[in-house]
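What follows is a short report on a single structure.
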Protein chains: 4
Amino acid sequence: MSKKQDIMAATLDLIHEEGLQSVTFSKLFKRANVGSGTIYNYFANKEELVNAVYKEARLHMGEYLMQGYDPEASLYERFKCLQLNRLRFGIDFPKEFLFIDSFSYSPYISPELRNMDDPRHSVEVVLSLIVEGQKHGVIKEMDSHFCHQLIHGIISSVLKGYYVEKYPLNEIQIQQMLEASWKAILV
Amino acid sequence: MSKKQDIMAATLDLIHEEGLQSVTFSKLFKRANVGSGTIYNYFANKEELVNAVYKEARLHMGEYLMQGYDPEASLYERFKCLQLNRLRFGIDFPKEFLFIDSFSYSPYISPELRNMDDPRHSVEVVLSLIVEGQKHGVIKEMDSHFCHQLIHGIISSVLKGYYVEKYPLNEIQIQQMLEASWKAILV
Amino acid sequence: MSKKQDIMAATLDLIHEEGLQSVTFSKLFKRANVGSGTIYNYFANKEELVNAVYKEARLHMGEYLMQGYDPEASLYERFKCLQLNRLRFGIDFPKEFLFIDSFSYSPYISPELRNMDDPRHSVEVVLSLIVEGQKHGVIKEMDSHFCHQLIHGIISSVLKGYYVEKYPLNEIQIQQMLEASWKAILV
Amino acid sequence: MSKKQDIMAATLDLIHEEGLQSVTFSKLFKRANVGSGTIYNYFANKEELVNAVYKEARLHMGEYLMQGYDPEASLYERFKCLQLNRLRFGIDFPKEFLFIDSFSYSPYISPELRNMDDPRHSVEVVLSLIVEGQKHGVIKEMDSHFCHQLIHGIISSVLKGYYVEKYPLNEIQIQQMLEASWKAILV
DNA sequence: TATGAATGAGATTTCATTCAT
DNA sequence: CATGAATGAAATCTCATTCAT
C-alpha cells in the first residue's frame with residue numbers, strides 16, 4: 001500500500017477511535033508508520049487530509065451501493081437492493097459509514113463535497129427511483145429529497161444503535177428495517 | 001444573563017458554527033465577552049464545559065419532549081405528541097438538536113451523561129409506549145430499542161436535510177414525517 | 001522594561017550577533033527571558049517583529065539626528081550637525097545602525113517602511129538643506145536624493161570599516177569624514 | 001549551461017528577490033530546474049553553496065574592476081577607471097553587487113572569503129593608488145583603508161538609491177559621482 | 001468574582017538532507 | 001550524475017491554563 005493510502009487509513013482509524021478533535025499529527029505518523037514530513041507531500045494540511053478521506057469514503061460507499069443493482073428489476077427489488085447495500089456497507093465498513101454520517105453535516109466538510117455525487121451516480125439513482133415510484137402511484141407524493149432522507153435516516157439510526165450494541169443486527173432485524181422503510185413511504 | 005450562561009451560550013454557538021474541534025477558548029472569550037480567566041470560576045476545564053452544555057441541552061430537550069403529554073390520551077395521540085415535540089424541538093433549537101445528535105456518540109461526552117435520562121423520563125416514556133403498542137397488537141413486534149431508533153432516525157434525518165436547506169419544513173412535511181414514522185412501525 | 005521591549009531588544013541583539021537567518025524563536029525566548037507564547041501577544045509573526053524593530057530603530061535614529069539642530073544656524077553648521085549626529089549615532093548604537101543599513105534595501109522590509117519619515121522629519125530636513133545650499137550656489141546642482149545618498153554613503157562606509165576594526169574612529173577621522181563629505185558636494 | 005551553473009544562478013536570483021533567509025532548497029530546485037538531490041553532487045550543504053556563489057561574484061567583480069586598467073596612465077585616469085568600473089559593475093550586475101555588499105559583513109560568509117583578494121589584485125591596486133596619490137601630494141593624508149571606504153561608500157550608496165528607483169543613473173549622474181568621490185579625497 | 005498578560009507543553013509545519021532507483 | 005519520495009530534527013505557532021491584580 002502506498003504511503004498516501006497508509007496515511008488516509010490511519011486517519012480514518014483514529015477519527016473512529018478518538019474523534020476528529022483528538023487526532024493529532026503525531027498520533028497519525030505513529031499509526032501510519034511514516035515520517036512526520038511525509039504527509040505534506042500529499043496534503044497541504046489537516047483539513048485537506050480529512051476532506052480527502054471523506055471523499056474517498058463517499059466514493060467507496062457510492063460504489064458499494066450500486067452492487068448488483070439491476071435497472072430492469074421491479075421497483076421494490078431495486079429499492080430493496082439499494083437499502084440492503086447501504087445497510088451492509090454500514091455493517092461491513094462501520095468506520096467509513098460513521099465518518100460519513102458524522103461529517104456530512106459538519107462545518108468541517110465543504111458544501112460541494114457534501115453534495116457530491118459519485119461516478120456510479122448512486123444519489124441520482126435513488127432520487128429517480130423515488131420519482132418513478134410516485135409516478136406509478138406506489139410511493140406517496142412528497143419532495144424526493146425529503147423521501148430520500150426518510151429512508152436513509154432509518155438505516156443510519158438503526159446502524160448507530162447496533163454500533164453501541166443496543167441490539168444485534170441479523171436477518172430478523174434486517175427484514176424489519178427493510179419493511180419499516182418501505183412501509184414508511186408507501187401511499 | 002449571568003456570565004456562566006453567556007459562556008455556555010457562546011460555546012453552543014461556536015460549536016454550531018465551526019465544529020467542536022475549532023472552538024478555542026480565545027474565540028469563546030471574545031464571543032461571550034468575558035475575560036479569559038472567568039471560565040475557570042465555573043468550569044474546571046474545556047471538557048467539563050462541553051459536558052455541562054450537553055447536559056443542559058439534554059435537559060432542555062427532555063423537558064420539551066414532554067410538553068402537553070397526556071398519559072390518558074390514545075396511543076396514537078401520545079405517539080404523535082412525542083414525535084411532534086421532538087421535531088419541533090429540532091426546528092426551534094437547531095443548535096441544541098444538532099449538538100446532541102453529533103455528540104451523543106462521541107468520546108468527548110462521558111458515558112454516564114450519554115445514557116442519562118431526564119427528570120421527566122422522556123426516554124422511558126417512549127420505550128414503554130412502544131411496548132404498550134406491541135401488547136395491543138398495534139405496533140409490530142421488535143426490540144423496543146430498535147423501534148425507538150427507527151422512529152427517531154426519521155426525525156433526525158428529516159431535520160438534517162432541512163438544516164442544509166434541501167427542502168422546507170412546514171405543516172405538509174410535518175404531517176408526512178408523522179405518517180411515515182407511524183406507518184413504519186405498524187403491524 | 002516591558003516584555004515587548006525585552007523581545008525587541010533581544011531581536012536586535014541576535015540579528016547583530018548572528019544575522020537574521022539564524023535568529024530562531026527559541027534563541028529569542030531564551031535571550032529575552034520570556035515564555036515562548038509571549039511574543040504572539042505582541043507580534044503576529046517573525047516578519048512583523050523584525051519590521052517593528054526596524055521601525056523603532058528608524059524612529060530612534062531620526063530623533064538622534066535632530067539633536068541640537070538649530071534651524072537658524074549657518075548652512076555648514078547645520079550640515080555638520082546632521083552629519084556628526086549620524087556618525088555619532090552609528091558609533092553609539094552600532095546594532096541599530098547596522099540593522100538599518102542592512103535591511104533598508106532588503107526584501108524583508110516593506111517599501112513603505114523603507115521610505116518612512118520620522119516625527120522629527122529628519123529626512124525632509126536633509127533634503128531641504130541640500131536644496132537651500134543649491135539655491136545659494138554653495139552645493140552643486142544635482143538631484144537632492146542623489147546628493148543625500150552621496151553624503152550618507154560616506155558615513156555608512158566609514159562606520160562599517162570602523163566596526164571591523166580597519167582603523168580607529170577618533171576626532172581626526174571624524175574631521176576627515178566631515179571634510180570629505182562636504183567637499184564632495186560643493187560646487 | 002551546466003547543472004552547477006544553473007544552481008548557482010538560481011541561488012543568486014532568489015537571494016536577490018527574497019533575501020537569503022527565505023531561500024529554501026525547494027524553491028531553489030524549482031527555479032534551477034534540477035532534482036532535489038542534484039545539489040549534493042556539487043555542494044556539501046547550503047552554506048558551501050552560498051559561499052561558492054559569493055566567491056564567484058567576487059572573482060567576477062575583481063575581473064571587471066581591472067577592465068581597461070592602464071598602470072601607465074595618470075593618477076586621475078586610473079582612479080576614474082577603477083571608480084567607473086565599479087559603478088558599471090553595479091549597474092550591469094545588480095544581483096552580484098548587492099549580494100557582495102550585503103554579505104561581506106555577514107557571519108554567513110567565512111572570514112577567509114571576506115578578505116580574499118582576486119587574481120587581478122583589485123583591492124591592492126586601489127590601496128596602492130591611494131598611497132601613491134598621497135605621496136604626490138594630490139590625495140589628502142589619511143589611513144588608506146579609511147580613504148578606500150570613503151570612495152567605495154559613495155558608489156555603493158549611489159547604486160542603492162538607483163536600485164530602488166530614487167533617481168536615474170545616466171551619464172550626468174555618473175560624472176557627478178565621479179567628481180564627488182574625487183573631490184572628497186583631494187587635499 | 002473578573003480580568004488578561006504570561007506561560008509552556010504540545011501541535012503543526014518547514015526544510016535540509018538522505019538514499020534507493 | 002540525476003532524481004524525488006521519504007525523513008525527522010528543528011522551527012513556528014497555538015491555545016488551555018495560571019496567577020497577580
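First the proteins, then the strands, lettered A, B, ... as listed; each starts at 1. Keep in mind the model is a prediction, meaning the values are calculated, not measured.
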Item checked: Touch class at under 4.0 angstrom, heavy-atom based, for D:F43 against every strand present -> nothing
Check: Hey, does the side chain of A:K3 come within less than 4.0 Å of F:dA5's phosphate (OP1/OP2), counting only N and O?
Finding: no
Report all side-chain donor-acceptor pairs from residues 15-23 of chain C shorter than 3.5 Å, counting only partners two or more places apart or in another chain.
{"unit_1": "C:E17", "atom_1": "OE1", "unit_2": "C:R31", "atom_2": "NH2", "d": "2.8"}
{"unit_1": "C:E17", "atom_1": "OE2", "unit_2": "C:R31", "atom_2": "NH1", "d": "3.0"}
{"unit_1": "C:E18", "atom_1": "OE1", "unit_2": "C:S22", "atom_2": "OG", "d": "3.4"}
{"unit_1": "C:E18", "atom_1": "OE1", "unit_2": "C:K27", "atom_2": "NZ", "d": "2.9"}
{"unit_1": "C:S22", "atom_1": "OG", "unit_2": "C:E18", "atom_2": "O", "d": "3.0"}
{"unit_1": "C:S22", "atom_1": "OG", "unit_2": "C:G19", "atom_2": "O", "d": "3.4"}

Next item on the list: Mind checking side-chain hydrogen bond (donor to acceptor under 3.5 Å, both in side chains) for B:N45 and listing every partner two or more places apart, or none if nothing turns up?
Entry: none
Check: Does A:S36 have any side chain to side chain contact (heavy atoms under 4.5 Å, CB included) partners at least two apart in sequence or in another chain, and if so, which?
Finding: A:F29
Next item on the list: Report which part of the nucleic acid C:T38 touches: base, sugar-phosphate, or nothing (heavy-atom distance under 4.0 Å, all strands).
Entry: base
Item checked: Rounded distance (Å) that lies between atom P of E:dT14 and atom OH of A:Y42 -> 17 Å
Next item on the list: Sequence neighbours left out, what passes side-chain hydrogen bond (donor to acceptor under 3.5 Å, both in side chains) with C:Y108? Give chain and number order.
Entry: none
Margin query: Run the side-chain hydrogen bond (donor to acceptor under 3.5 Å, both in side chains) test against B:D118 and tell me which residues pass, sequence neighbours left out.
Written below: B:S122
Note to self: Base, sugar-phosphate or nothing for A:T24? Non-hydrogen atoms, less than 4.0 Å.
What the structure shows: sugar-phosphate
Write down the protein N/O and nucleotide N/O pairs, taken from nucleotides 19-21 of chain E, whose separation is under 3.5 Å; answer none if there are no such pairs.
none

Next item on the list: Round to the nearest Å and state the distance from B:Q21 atom CD to E:dT12 atom C1'.
Entry: 15 Å
Note to self: According to side-chain hydrogen bond (donor to acceptor under 3.5 Å, both in side chains), who are the partners of C:S104, at least two apart in sequence or on a separate chain?
What the structure shows: C:Y54
Next item on the list: Name all residues meeting the side chain to side chain contact (heavy atoms under 4.5 Å, CB included) criterion together with C:Y40; count only those two or more places apart in sequence or in a different chain, and write none if there are none.
Entry: C:F25
Notebook entry, point to check: Going by number, which of residues 25-33 of chain A have a non-hydrogen atom under 4.0 Å from DNA chain F?
Noted result: none
Note to self: Can you give me the dot-bracket string for DNA chain E, 5' to 3', counting Watson-Crick and G-U wobble pairs with both distances under 3.5 Å, using [ ] for crossing pairs and | for partners on another strand?
What the structure shows: .||||||||||||||||||||
Next item on the list: Not counting sequence neighbours, which residues clear side chain to side chain contact (heavy atoms under 4.5 Å, CB included) with A:N115? List them please.
Entry: none
Check: side chain to side chain contact (heavy atoms under 4.5 Å, CB included) with C:A52: which residues, sequence neighbours excluded?
Finding: C:M8, C:F43
